[in-house]
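Because the structure is predicted, anything quoted here is derived from the model rather than measured.
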Amino acid sequence: MKRWGRRYICSGASVTVKAYPDLEVAAANLTFTIAEGTLISPVFGPNLAVSELRELLGPTLAALNQSGIPYSSYFARYYTFLDAYSAMNPLEPVTDGNMGAYLLPRDLVTCETNASALTDLLDTLVTGTGIVTGGVSLNVARGQDITQAVANSVNPAWRTAIHYFAFGPPYNRTSLSANVDAWNLITNVYGPGLDALVPGGMSSYLNEANPIDPDWKQVFYGDNYNRLLDIKDRYDPNSILYGLTVVGATVGKCTRTGSFAKSRTRIRRGCHGTKK
């Protein structure tokens, strides 16, 4: 990106942030141990008092007490969200896991039958497999009518999601074959098991998901894919803007080595061009 481009983007972001007033934020950390341990952190409550956030987490703490599960918790109040974020999110290394991920729809949790099936599958997923899980609970609808179509490119699954769920074994720095095996499990075993819980299949956030998901068009873009492809074909008919999982990725593309890749499969395996 050119120097002026960066400047304008930063200026635009700064103006946007300043257009919203700062709010006081209550934040919490909750850590308890079941098997290898569970960490719920951070929990943010914009414009909430610490007492209100503590009340919201009350049922979870009561369940832990009733089950005799030891835990530690921490609550604090901050004057701005930036203060809360900085305090509750210590610097971490770049994620180095083999990862798949899905957006879990709300009715997968609110319906007792669905919740039971999800719990059983998660128990199988993490028991004796070395799989690490994590995620973010969310509610982007916030009381809005989500039954009406919205004219934007956002995957509609975001509007009904209750949790972004990531899973996978750690990255093996000394064994390529171990990582290949891990991706095969994510793609052909664990992923399909989760996908089967939702009629029509799961959706995901494409920046943190399985890049070789065989149903990537539907998983990443939902019903918007064909319309997005029409727009891309109109403004970028030669696929200059290209990526492995972007709209139109099935179109043949010349790689950095000079070879022509006609499918995502060849791109994944690597194409070897003739050196000049």
Side-chain angles (χ1 to χ4, degrees), residues 17 20-93 95 97 99 101-127 131-144 146 157-168 194 197-198 202-205 208:
V17 170
Y20 293 88
D22 275 332
L23 296 173
E24 291 190 4
V25 176
N29 173 298
L30 174 61
T31 304
F32 55 93
T33 300
I34 302 177
E36 297 184 2
T38 300
L39 173 66
I40 303 177
S41 176
V43 179
F44 292 127
N47 211 25
L48 289 182
V50 168
S51 60
E52 293 174 298
L53 182 58
R54 193 185 298 273
E55 182 179 353
L56 288 173
L57 288 176
T60 300
L61 299 179
L64 293 172
N65 287 327
Q66 184 177 3
S67 301
I69 298 173
Y71 66 88
S72 63
S73 61
Y74 171 76
F75 292 82
R77 175 191 178 195
Y78 300 92
Y79 288 106
T80 69
F81 182 81
L82 178 59
D83 292 338
Y85 184 89
S86 299
M88 303 296 288
N89 290 275
L91 293 177
E92 296 181 354
T95 300
M99 188 172 72
Y102 288 117
L103 294 169
L104 304 185
R106 187 167 296 274
D107 60 9
L108 196 58
V109 176
T110 56
C111 170
E112 185 174 347
T113 301
N114 292 345
S116 178
L118 175 62
T119 302
D120 290 343
L121 192 145
L122 294 179
D123 185 53
T124 302
L125 181 67
V126 301
T127 302
I131 296 294
V132 178
T133 65
V136 179
S137 297
L138 49 93
N139 178 13
V140 300
R142 293 179 296 175
Q144 300 177 56
I146 60 175
W158 280 103
R159 302 187 181 98
T160 58
I162 193 172
H163 192 78
Y164 162 75
F165 176 72
F167 62 95
L194 285 162
L197 294 175
V198 177
M202 292 271 197
S203 295
S204 190
Y205 166 43
E208 296 181 0

task = Could you check if a side-chain atom of Leu122 sits within less than 4.5 angstrom of a side-chain atom of Phe167, using non-hydrogen atoms only?
result =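 Result no, sub-4.5 Å side-chain heavy-atom pair not found.
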query = Are any non-hydrogen side-chain atoms of Leu104 and Val109 less than 4.5 angstrom apart?
reply =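 Result no, sub-4.5 Å side-chain heavy-atom pair not found.
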key: side-chain hydrogen bond (donor to acceptor under 3.5 Å, both in side chains) partners of Asp120, counting only residues at least two apart   =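 With neighbours one apart ignored, the set is empty.
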At what distance, to the nearest 0.5 angstrom, does [atom1] of [X] lie from [atom2] of [Y]?
| X | Y | atom1 | atom2 | value |
| --- | --- | --- | --- | --- |
| Leu56 | Ser51 | CG | OG | 10.0 Å |
| Asp83 | Glu24 | CG | CD | 10.5 Å |
| Thr124 | Ile131 | OG1 | CD1 | 12.0 Å |
| Phe81 | Asn47 | CZ | CG | 13.5 Å |
| Thr60 | Asn65 | OG1 | CG | 11.0 Å |
| Arg54 | Leu61 | CZ | CG | 8.0 Å |

Which atoms form the tightest heavy-atom contact between [X] and [Y], and what is the distance?
| X | Y | value |
| --- | --- | --- |
| Ala166 | Met99 | CB-SD, 3.7 Å |
| His163 | Gly134 | NE2-O, 4.4 Å |
| Val25 | Pro46 | CG2-CA, 4.2 Å |
| Met202 | Tyr102 | CB-CD2, 3.1 Å |
| Pro42 | Met88 | CB-CB, 3.6 Å |
| Ala117 | Leu197 | CB-CD2, 4.0 Å |

inquiry  = I'd like to know whether Leu53 forms a side chain to side chain contact (heavy atoms under 4.5 Å, CB included) with Val43, so could you lay out the CA-CA distance, the side-chain angles of the two residues, the decisive distance to 0.1 Å, and finally the verdict.
reply    = CA-CA 9 Å; Leu53 182 58; Val43 179; 3.8 Å; yes
If we ignore hydrogens and angles and just use 3.5 Å, is the side chain of [X] paired with the main-chain N or O of [Y] as donor and acceptor?
| X | Y | answer |
| --- | --- | --- |
| Tyr78 | Ala87 | no |
| Thr160 | Pro105 | no |
| Ser86 | Leu82 | yes |

request  = Look at atom CD of Glu55 and say whether more than 12 heavy atoms of other residues, nucleotides or ligands are closer to it than 6.0 Å.
outcome  =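 No.
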message = Is there a side chain to side chain contact (heavy atoms under 4.5 Å, CB included) between Trp158 and Leu138? Walk through the geometry before answering.
response = CA-CA 9 Å; Trp158 280 103; Leu138 49 93; 3.9 Å; yes
task = Scan Leu108, Leu103, Leu194 and name whichever one has a side chain to side chain contact (heavy atoms under 4.5 Å, CB included) with Phe165.
result =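 Only one of Leu108, Leu103, Leu194 forms a side chain to side chain contact (heavy atoms under 4.5 Å, CB included) with Phe165, namely Leu194.
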request  = Could you please spell out the steps behind the side chain to side chain contact (heavy atoms under 4.5 Å, CB included) verdict for Tyr74 and Thr31?
outcome  = CA-CA 9 Å; Tyr74 171 76; Thr31 304; over 6 Å; no
